[in-house]
Each structure stands twice: as C-alpha cells, then as structure tokens.
Enquirer: 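Sharing a structure, written as structure tokens. Questions coming.
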Amino acid sequence: MSETGESTAVVIIGAGVAGLTLGNFLLRNGIGCVVLEKRSREYVERRQRAGTIDSRGVRMFRAWGLEEVVENFGAPDETIGFRMDGEGFTQDLFDDESGDFDDMVFCPQQVLVRNLTDAFLRDGGDLRYESVDISPEDIDGEDIDGPRPRVRYRGASASGATRVINCDYIAGCDGYHGVSRESIPADALTRYSYDYGYAWLSVLAEVTPDPAAMAIHSRGLAGIIPRGTTASRLYLQCAPDDTLEQWPDERVWSELEARFGVPVATGPVIHKQILPLRSVVYSPMNHGRLYLLGDAAHIVPPTSAKGINLALHDTEVFARALIARIQKDDPALLTDYSETCLRHVWNYQAYAAWITELMHNAGDASYEGEFRKQIARAELERQFTSPTAKRLFGEFAAGVN
C-alpha cells in the first residue's frame, strides 16, 4: 500500500474534551496541530458522559477566549436532595459567600465536545475522524528535546493508504484504553491504583429530570442525576462482579424505590453499564515527546465529578508549556509538565477517595463494617452542620483548592 508523509508541530490523538480543548488553544496561538480520532464524528458527539464543569474550568475557557463553548448552560442545582434510610433532607451544597461556585455549569459532555468541535473547525482546525491503526513512533528516550517523533495511521478513504505525520510533540488524549499510553514501554511508567471494592450500575433512562438526588441506604448508594432536559442518569451501588443480566429494568426501578424510600419516576431505559469504582494514576505523564492528558494518565471514581476537570487542568498546563517552548524557546514549563499536573492530580485523588468512601460507607456496612458506617455518618453530618467543613468541601467541588 502507498504511504504519504507530512509535518506539523503537534499531533493530538483523541477528539474528546482534552484533545479538542488543546487543539483550540494551540490554533488560537498560531501553533499547527492535527487531531486524529478513531471514531466517527457522530459517535463522538453522541457519547453520553457526565458534564459538570467546575468554576476553575469555566474561568479557563473564558481566559482563552472560548467562553462560547460553555455559554447558555445552567449552574448545577444549588440543592441536592439527600435521603438516608428513606428519610429526606436537603443540603445547599453550593451556597456560600466566597463566589467560588458562581461560574460552575452543568454542560453535558457530548454538548461540550460538539461546541469545541464547531469552534475548532470554524477556525480552520485539522480534525480527522475514522483514523485507524494510529501508532506513535520514535518516542523512546527521556529527553523532551530528543528525536522528533511521528504518528502513523490509516485514513477513512477506501484506498487504505498509510499516512505518516512527523511532528515535534504528541499529545495522548485518547483515554484510559487508548494507544498513547500503550505505546510507552511498561517499565517507563509507574502505575498507582486503588479498587474500592464496589461498582455502580449506571443507567441512562428517558425520565423527566428533577433536581439531583442521592440516597444513602443499607442496600447501597443510589443516585438520580439530570442529563439534559429529557433524560436522567441513574446510579445503583452493586458488586463489581455483577452482570447486566442480573439487573433487568424491573429490578432497577424497584431497587431505586427501595433505596430512596419513595416512589420514583420511571421511563424507557436507553443504556446500562457496570462501572467498577477505582482510582488510577500513571507517573510520569510523559515519555520523551509523548505527553499524556486526562484519562490516559489518571482516572477518578465518578462520585467526585472530577474526571473532566482534571483533563481540562492537564490541557491548560500542557498548552501553556508548548506555547512557551515553541514561541519563546523556553522549555521550563514542558520539563515540569508531569510534576505540575501530578501535584494537582494527587490533591484531587485524595478528595475523590474521601468523598467516595464517605458516601458508600455511610450506607452499606458489608464492606467496611458497622463501626466505619457510624464514623462516615458522623462525618457526613459534619459536612452539613460545620461551616468550616462545608467550606473545604466547596473548594474541592469548585476546583479552586
């Protein structure tokens, strides 16, 4: 088969939030880049994922002149309904006088991706969907100024021609199961991980959304979270070895009602999956001129709502580092990229582990025992009654800690 070659400054692998945000940042600063995505545009823009962007993330988009991608979205509900053993109470989680929560928005991730895509293509960005057999090459070495790498792939055309892009840097934004991290020799990375011992059954259903609600119950945690104007995401704590066959629709609705202790609205189920809860961090977040961003380098449990926001932080750090290196010949920020990001990542991994174990231990005692259950409930009550405790939670929730 024929092979064609070209050159650019940066190849971005993955057209999710991190990849498209980076592409927009670079494009607006005159740095050439190509975004490669193995899926179709339709698939990427329909992919359903959470999308609460914290205050730090919203202010970041505004600072880079991309406020349009997060405009016209509402703030998360200031109140989240909590029920414990069937009894309800309400907590104003985002109600304080600091202003930290003023900029938070609920933006479904597929809508954010669509907005970022439109902005990138409108400004002349090079985005190539259905790029298969993507392979970063010549990435060995520890030196950020080492040999120039390249990325090989095949396009979507019927010819099946292999294309090679020579570049200065590669940004791996293709998620936990992507090719970017897999291209790095295993002995060059250290993997830190923690399994929480339970999973979530995640259900997307056509249910008219009410304000977000969580239930803490001896049967396990449950949640009902709005996803747009016509759907809701339902969460049910379950064993990590459960199968979807064990969770027919009828059981989903009956278990939600049992854990909330009140009738719940029902509707057609669109999608189900089981998500084992875990935290993972890879260090360092680069190898030679290949850099990992977002889920390619770290994942957090969804309880924390921080996955998208950690990816946005990585992206801004990397974009500023590239701009300094390419435009000012200053490698300092690029050299410190991994250390800078990991310091932030570990801070929020600590928050994610705390909120995850607190919410689950307060309900189901079968994992950690009755003693830890009572401690978790006492700590949860402190979040609702102590201004100091609430303030610290607020800093993490807003992304400003």
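Everything quoted here is computed from the prediction, not taken from an experiment.
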Enquirer: Quick check: does any side chain N or O of Gln237 sit under 3.5 Å from a backbone N or O of Gly220, one acting as donor and the other as acceptor?
Expert: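 Pair absent, no side-chain N/O of Gln237 close to backbone of Gly220.
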Enquirer: What closest approach, in Å, do Gly399 and Lys306 show between heavy atoms, and which atom pair accounts for it?
Expert: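 Shortest heavy-atom contact: N-NZ, 3.6 Å.
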Enquirer: How about CD on Glu381, more than 12 heavy atoms from neighbouring residues, nucleotides or ligands closer than 6.0 Å, or not?
Expert: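 Result for CD/Glu381: open.
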Enquirer: I want to know whether His298 and Tyr282 have ring centres closer than 6.0 Å.
Expert: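 His298 vs Tyr282: aromatic centres not under 6.0 Å.
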Enquirer: With Ser193, which residues qualify under side-chain hydrogen bond (donor to acceptor under 3.5 Å, both in side chains), at least two apart?
Expert: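 Arg191.
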Enquirer: Just jot down the salt bridge (Lys or Arg N to Asp or Glu O under 4.0 Å) partners of Asp118, sequence neighbours excluded, or say none.
Expert: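 With sequence neighbours excluded, Asp118 shows a salt bridge (Lys or Arg N to Asp or Glu O under 4.0 Å) to Arg41, given in chain and number order.
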Enquirer: Contact between Thr208 and Thr230 at the side-chain level, heavy atoms closer than 4.5 Å - yes or no?
Expert: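 No; the side chains remain at least 4.5 Å from each other.
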Enquirer: Just by modelled atom types, is the Gly65 backbone N or O under 3.5 Å from a matching donor or acceptor in the Arg28 side chain?
Expert: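 Present.
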Enquirer: Charged N to carboxylate O under 4.0 angstrom, Arg152 versus Asp133?
Expert: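 No, Arg152 and Asp133 are not salt-bridged.
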Enquirer: Could you walk me through whether Leu342 and Val281 satisfy the side chain to side chain contact (heavy atoms under 4.5 Å, CB included) test, starting with their C-alpha distance in whole Å, then the side-chain angles of each, then the deciding distance to 0.1 Å, before giving a yes or no?
Expert: CA-CA 8 Å; Leu342 286 173; Val281 177; 3.6 Å; yes
Enquirer: Where is the tightest heavy-atom contact between Ile13 and Ser180, given as atom of each residue plus distance?
Expert: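 That would be CD1-OG, 3.7 Å.
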Enquirer: Angle class for the Tyr192/Trp346 ring planes (parallel below 30°, perpendicular above 60°, tilted otherwise)?
Expert: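 Perpendicular: the ring planes of Tyr192 and Trp346 meet at over 60°.
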Enquirer: Between Leu380 and Ile216, is there a side-chain heavy-atom distance shorter than 4.5 Å?
Expert: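 Ile216 reaches Leu380 side chain to side chain.
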Enquirer: Can you sort out the partners of Asp126 under salt bridge (Lys or Arg N to Asp or Glu O under 4.0 Å), two or more places apart, ordered by chain and number?
Expert: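 Applying salt bridge (Lys or Arg N to Asp or Glu O under 4.0 Å) to Asp126 gives Arg128.
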Enquirer: The criterion is salt bridge (Lys or Arg N to Asp or Glu O under 4.0 Å); which residues satisfy it with Asp85, sequence neighbours excluded?
Expert: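 Checked Asp85 against salt bridge (Lys or Arg N to Asp or Glu O under 4.0 Å); matches are Arg377.
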Enquirer: Could you walk me through whether Leu66 and Val69 pass the side chain to side chain contact (heavy atoms under 4.5 Å, CB included) test, one step at a time?
Expert: CA-CA 6 Å; Leu66 278 166; Val69 304; 4.3 Å; yes
Enquirer: Between Lys272 and Asp249 (salt bridge meaning N to carboxylate O under 4.0 Å), is one present in this structure?
Expert: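 Yes, charged N to carboxylate O under 4.0 Å.
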Enquirer: Within the side chain of Asn29, is there an N or O that forms a donor-acceptor pair under 3.5 Å with the backbone of Phe25?
Expert: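 Between the backbone of Phe25 and the side chain of Asn29 there is a qualifying donor-acceptor contact (under 3.5 Å).
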Enquirer: For Ser279, what residues pass the side-chain hydrogen bond (donor to acceptor under 3.5 Å, both in side chains) criterion, not counting sequence neighbours?
Expert: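 Tyr196, Gln349.
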Enquirer: Is the closest side-chain heavy-atom distance between Val44 and Gln110 below 4.5 Å?
Expert: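 No - every pair of side-chain heavy atoms lies 4.5 Å or more apart.
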Enquirer: Does Gln374 use its side chain to pair, donor to acceptor, with the backbone of Phe371 at less than 3.5 Å?
Expert: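 Flag not set: sc Gln374 to bb Phe371 has no pair under 3.5 Å.
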Enquirer: Sequence neighbours excluded, which residues qualify as side-chain contact (heavy atoms from CB on, under 4.5 Å) partners of Pro302?
Expert: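 With sequence neighbours excluded, Pro302 shows a side-chain contact (heavy atoms from CB on, under 4.5 Å) to Trp200, Leu277, given in chain and number order.
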Enquirer: Would you please name every residue forming a side-chain hydrogen bond (donor to acceptor under 3.5 Å, both in side chains) with Tyr367, sequence neighbours left out?
Expert: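 Tyr367 satisfies side-chain hydrogen bond (donor to acceptor under 3.5 Å, both in side chains) with no residue once adjacent residues are dropped.
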Enquirer: For the backbone of Ala353 and the side chain of Thr356, can you confirm whether one donor and one acceptor N or O come within less than 3.5 Å of each other?
Expert: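 No: the side chain of Thr356 does not pair with the backbone of Ala353.
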Enquirer: Do Met359 and Trp354 have side-chain heavy atoms sitting under 4.5 Å apart?
Expert: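 No; the side chains remain at least 4.5 Å from each other.
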Enquirer: Considering all heavy atoms of both residues, which atom of Ala311 and which atom of Ala18 are nearest to each other, and what is their separation?
Expert: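 What the structure gives for the nearest pair is CB-CB, 4.3 Å.
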Enquirer: Using a strict cut-off of less than 4.0 Å between a Lys/Arg side-chain nitrogen and an Asp/Glu carboxylate oxygen, indicate whether Glu71 and Arg62 qualify as a salt bridge.
Expert: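 Arg62 and Glu71: not salt-bridged.
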Enquirer: Between Val203 and His271, is there a side-chain heavy-atom distance shorter than 4.5 Å?
Expert: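 No, their side chains stay 4.5 Å or more apart.
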Enquirer: Quick one: is the NZ or CZ of Arg289 closer than 6.0 Å to the six-membered ring centre of Tyr169, and within 45° of its axis?
Expert: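 Ring-cation test returns yes.
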Enquirer: So, taking the atom named CG in Leu189 and the one named CG in Leu292, what distance separates them when rounded to the nearest 0.5 Å?
Expert: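 Spacing of CG (Leu189) from CG (Leu292) equals 6.5 Å.
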Enquirer: Sequence neighbours left out, what passes salt bridge (Lys or Arg N to Asp or Glu O under 4.0 Å) with Asp241? Give chain and number order.
Expert: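 Not a single residue meets the salt bridge (Lys or Arg N to Asp or Glu O under 4.0 Å) criterion with Asp241.
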Enquirer: For Ile225, is there any backbone N or O sitting under 3.5 Å from a side-chain donor or acceptor partner on Arg233?
Expert: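 Looks like no, no N/O pair under 3.5 Å.
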Enquirer: Do any N or O atoms from the side chain of Asn309 and from the backbone of Asp54 form a donor-acceptor pair under 3.5 angstrom?
Expert: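 Looks like yes, one N/O pair under 3.5 Å.
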Enquirer: Is it true that the NZ or CZ of Arg39 lies under 6.0 Å from the centre of Tyr129's six-membered ring and within 45 degrees of the ring axis?
Expert: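 Relative to the ring axis of Tyr129, which defines the angle, Arg39 lies outside at least one limit.
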Enquirer: If I compare all heavy atoms of Thr303 with all of Ile355, which pair ends up nearest, and what's the gap?
Expert: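 Closest pair (atom of Thr303, atom of Ile355, distance): CG2-O, 4.2 Å.
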Enquirer: Does Asn24 reach the main-chain N or O of Phe120 with its side chain, forming a donor-acceptor pair under 3.5 Å?
Expert: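 Yes; judged by distance alone, with no hydrogens or angles, the pair exists.
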Enquirer: Only pairs at least two apart or in different chains count here, so list each ring-ring contact (aromatic ring centres under 6.0 Å, His included) that has a residue in residues 300-328.
Expert: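 The answer is Tyr291-Phe318, His313-His344, Phe318-Tyr337.
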Enquirer: For the residue pair Ile139 and Leu290, what are the closest heavy atoms and their distance?
Expert: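 Closest pair (atom of Ile139, atom of Leu290, distance): CD1-CD2, 3.6 Å.
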Enquirer: Report yes if some heavy atom in the side chain of Asp168 is under 4.5 Å from a heavy atom in the side chain of Thr8; otherwise report no.
Expert: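 No, side chains not in contact.
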Enquirer: Does Asn361 reach the main-chain N or O of Glu357 with its side chain, forming a donor-acceptor pair under 3.5 Å?
Expert: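 Confirmed, Asn361 side chain pairs with Glu357 backbone.
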Enquirer: Return yes if some donor-acceptor pair links the side-chain N/O of Ser232 with the main-chain N/O of Ile224 below 3.5 Å, else return no.
Expert: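 Not at all, since once roles are kept as given, no pair shorter than 3.5 Å links the two residues.
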Enquirer: Quick one: pull up CG in Leu127 and CD1 in Ile12 and give me the separation to the nearest 0.5 Å.
Expert: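 CD1 of Ile12 is found 9.5 Å from CG of Leu127.
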Enquirer: With sequence neighbours excluded, give me every salt bridge (Lys or Arg N to Asp or Glu O under 4.0 Å) pair touching residues 307-321.
Expert: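 Qualifying pairs: Arg56-Glu316, Glu316-Arg320.
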Enquirer: Hey, could you give me each pair passing salt bridge (Lys or Arg N to Asp or Glu O under 4.0 Å) that has a residue in residues 257-271? Not counting sequence neighbours.
Expert: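 Every pair satisfying salt bridge (Lys or Arg N to Asp or Glu O under 4.0 Å) with a residue in residues 257-271: Glu255-Arg259.
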Enquirer: Is there a side-chain contact between Val10 and Cys167 in this structure, where contact means two heavy atoms from C-beta onward sitting under 4.5 Å apart?
Expert: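 No, too far: nothing below the 4.5 Å cut-off.
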Enquirer: Would you check if Leu312 and Thr21 make a side-chain contact, meaning some heavy-atom pair closer than 4.5 Å?
Expert: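 They are in side-chain contact.
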Enquirer: Please give me the minimum heavy-atom distance between Leu358 and Ala376, naming the atom from each residue.
Expert: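 Result for this residue pair: CD1-O, 3.2 Å.
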Enquirer: If the threshold is 4.0 Å, N to carboxylate O, is there a salt bridge linking Asp174 and Arg181?
Expert: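 No salt bridge links Asp174 with Arg181.
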Enquirer: For the residue pair Arg278 and Tyr176, would you count it as a cation-pi contact if the rule is NZ or CZ under 6.0 angstrom from the ring centre and within 45 degrees of the ring axis?
Expert: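 Geometry flag: set, cation within 6.0 Å and 45°.
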Enquirer: Is it the case that more than 12 heavy atoms not belonging to Lys373 sit under 6.0 Å from its NZ atom?
Expert: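 Counting other residues, nucleotides and ligands, NZ of Lys373 exceeds 12 neighbours.
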Enquirer: If the condition is side-chain hydrogen bond (donor to acceptor under 3.5 Å, both in side chains), which residues does Ser366 pass it with, not counting sequence neighbours?
Expert: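 Partners of Ser366 by the side-chain hydrogen bond (donor to acceptor under 3.5 Å, both in side chains) criterion, ordered by chain and then number, come out as Asp364.
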